[in-house]
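Here is the structure we will look at, set down as structure tokens.
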Amino acid sequence: MEDISHIIDPLNAVQREAVAAPAEHLLILAGAGSGKTRVLVHRIAWILETQQASPHNILAVTFTNKAASEMQTRINQLLQTTTLGLWVGTFHGICHRLLRMHWQEARLPSTFQILDSDDQQRVIKRILTTFALDDKIWTPKQVQQFINNCKEQGLRSQHIIAEGYDLWLKQMLSLYQTYEEYCQKNGLVDFAELLLRTYETLRDNTALRATYQTRFRHVLVDEFQDTNDIQYKLLRILVGQHSYLFAVGDDDQSIYGWRGAKIENIQNLSKDYPAIHMIRLEQNYRSTGTILSVANNLIANNKKRLGKNLWTDGEAGEPVYLYSAYSEIDEAQFIVGKIADWVKKWQEVAILYRTSAQSRVFEEALIQKNIPYRIFGGLRFYERAEIKDVLAYLRLLHHRQNDTAFERIINLPKRGIGDKTLENLRAIARQHQCALWEAVHHAINAQLLTKRAATPLLEFVTFIDKLSEQLLDCSLSEKVQQIIQQMGLIAHYQKDDPIDAQRRQENLDELLRATQQFETQNKEEFDIVSAFLAQAALEAGEGQGSKFDDCVQLMTLHSAKGLEFSLVFLCGLEEGLFPHQNSLDEGNLEEERRLCYVGITRARQTLYLSHSETRAQYGQRNNAEQSRFIREIPSELLQEIRLKSAYSNHSGVQPSITLQVGDNVSHPTYGNGVIIEQEGQGELTRFQVRFAKGATKWLLLAYTRLEKC
DNA sequence: GCAGGAACCTTTTTT
DNA sequence: AGGTTCCTGC
């Protein structure tokens, strides 16, 4: 046996127990910062180096591409050899791979295309118009959600029975069925379909199932608490009689219930695999004792838990700070002020918030102080309109029957082909049971269109055919380059929005670079265009290229999962915002609390919590109550930086009522102004202030921060 | 068919 | 407030 000390030695006793456990089903309940990924990676290395299995026998599943690539990198680092045959990937990536290999068994055309959620919505929109339903009630979004929900539960339209007179369900089912037929006919596979189709194929095909059950002797799953129904079913079918499941998860970090993740799957494991061995990783290596204590106290308020208490043998560290701001602008300025004092790397600092809309004020404050920052989330690279435009051309060149691509670019750049003409084309396509591309030829041959519509259409198809022929022997990147140049896309964006055009141009350059890179990395690929398009759909790419290597990180709590920072600001802790009103309405308070727990446990060294007494939302300024999550943290763990001024008698900060009519004042949110009227007494004194910016406001002294100037 | 103004709607996000 | 989609008049 080879020397395996390098795999075992860096681990603590419990981690070692998990990594070197005998071949059996294992559930690792790994608390935040307890070395979850490390255990997974070392487990794989241990299996390989103790020669229990070859790379070929191992399947490791993650939820995000980022997690998958990190795991692959760390495995390679640890083993110092290539691990050919080892499958590490996302659920979707792995299913895509299986379907490409077994398209016949899956009853798919070999050329099936992946529909991203944007494409999916377009298809649904199109179906909805043919149903002629009230579009106020039947929105594409709702239908999309219904279909995806069904698929995520493993249900086809024919499996659902609408009882009695549930007309809504009946209508949804008929839409779902039409959608299924449309996708099947056109060889389209949406994200949920990748999983469902793989599941069904393995379920219905004994030989294939046996092949993979024998092959994958070890199935390892990361973030198990995030699995939904179909993912769980898929895992169950992949793990055969002689295979072992290694599931790593943390019920306290389950924050994706709203998109179908089932915490119950963790409990189901013990039912479905009675012999499963449960190991708890509770020692935290990330945060200070105080931060952990805050996290533990908060999460203890949740009833639905398996129970777990994180501990550390490190220092208690600094207290956790709490700042009560007057407005979200005050909050941002305080936080950015603290960041400006930070002497280590910017990338060690994160501002976490509940909703993306909160990022703006921070952005402005950071720009003002000249601090580099990066906002995560938002539109991702391959979701950008200009990228999707070029890829639609590529799709159409490659596959003239692709209606989704056709519809996207038929009038882009503007060719004078509008909705009416397109509607006619759709009708013709339906009539002849053909693609829109062929419908154009029918229409022109049979003279079904006005000259005004026919001329640009004929021009369009001729041009595409010509371009296609011209690019036949070109490489992927040459094709993309020619599309960008010959279709006049840049000029179109220039006309559309001259300010945005520069950025779009840069993105297109980036796309070109990505295709060149893809070419060099996939030299032996037979159908490189399809491979590239699939990758673009499955890996939508980062939100924005990191313009700076070292910048402050701004992100929602959801995107912060799995990351850690020395200095963390968790802001907007207000009732209605965090916990969010919608979650409260839907009874999902516990998930919000877990989200808060995730946020707290991101911090290594210093954690600031903040809330604001007022907040501008939907164009209105409202008073905001401090979040219950703050109240659930024992006050001795918190150090308040500025006490809530309103009505607090223990604050020590008396609102000073030395202002009077005629005084020039400044306000952190509205700027400078002059007091023109006064009413009320004591804490309830109100001033009417006319601000230089034009607004005149009544302000309750207790809730605002007016300063004489 | 298209541009520009009115009405509408605002959680989280991956694949 | 801001962004998107919808509607109307040219």
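In what follows, chains carry the letters A, B, and so on, assigned in the order in which the sequence lines appear, proteins first and then strands, with residues in each chain numbered from 1. Side chains included, hydrogens not; waters and symmetry mates left out as well; all remaining heavy atoms used.
One finds a salt bridge joining Glu574(A) and Arg615(A) here, because a Lys/Arg side-chain nitrogen approaches an Asp/Glu carboxylate oxygen to under 4.0 Å. With respect to Lys561(A) and Asp226(A), a salt bridge is recorded, a charged nitrogen being found less than 4.0 Å from a carboxylate O.
OP1 or OP2 of dG2(C) lies within a sub-4.0 Å distance of a side-chain N or O belonging to Arg360(A).
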Contact state string [nucleotides 9-15 of chain B, B base, S sugar-phosphate only, - no protein heavy atom under 4.0 Å]: -BBBBBB
Which atom pairs link the protein and nucleotides 1-7 of chain B when you take only N or O atoms and keep those under 3.5 Å?
residue: dG1(B); atom: OP1; partner: Thr421(A); partner atom: OG1; Å: 3.1
residue: dG1(B); atom: OP2; partner: Lys420(A); partner atom: N; Å: 3.4
residue: dG1(B); atom: O4'; partner: Arg452(A); partner atom: NH2; Å: 3.3
residue: dC2(B); atom: OP2; partner: Asn411(A); partner atom: ND2; Å: 3.4

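Heavy-atom minimum distance, Lys414(A) versus His492(A): N-CD2, 4.1 Å. Nearest heavy-atom pair across Gln153(A) and Lys233(A) is O-NZ, 3.3 Å.
By the 6.0 Å and 45° rule, Arg374(A) stacks over the aromatic ring of Phe376(A).
Between Tyr212(A) and Trp87(A), the ring planes lie tilted relative to each other; the angle falls in the 30° to 60° range. Under the 30°/60° scheme for interplanar angles, the aromatic rings of Tyr256(A) and His558(A) are found to be tilted.
When heavy atoms are screened at a 4.0 angstrom cut-off, Arg594(A) is found touching no nucleic acid atom at all.
The main-chain N or O of Thr404(A) is found under 3.5 Å from a side-chain atom of Asn402(A) such that the two form a donor-acceptor pair.
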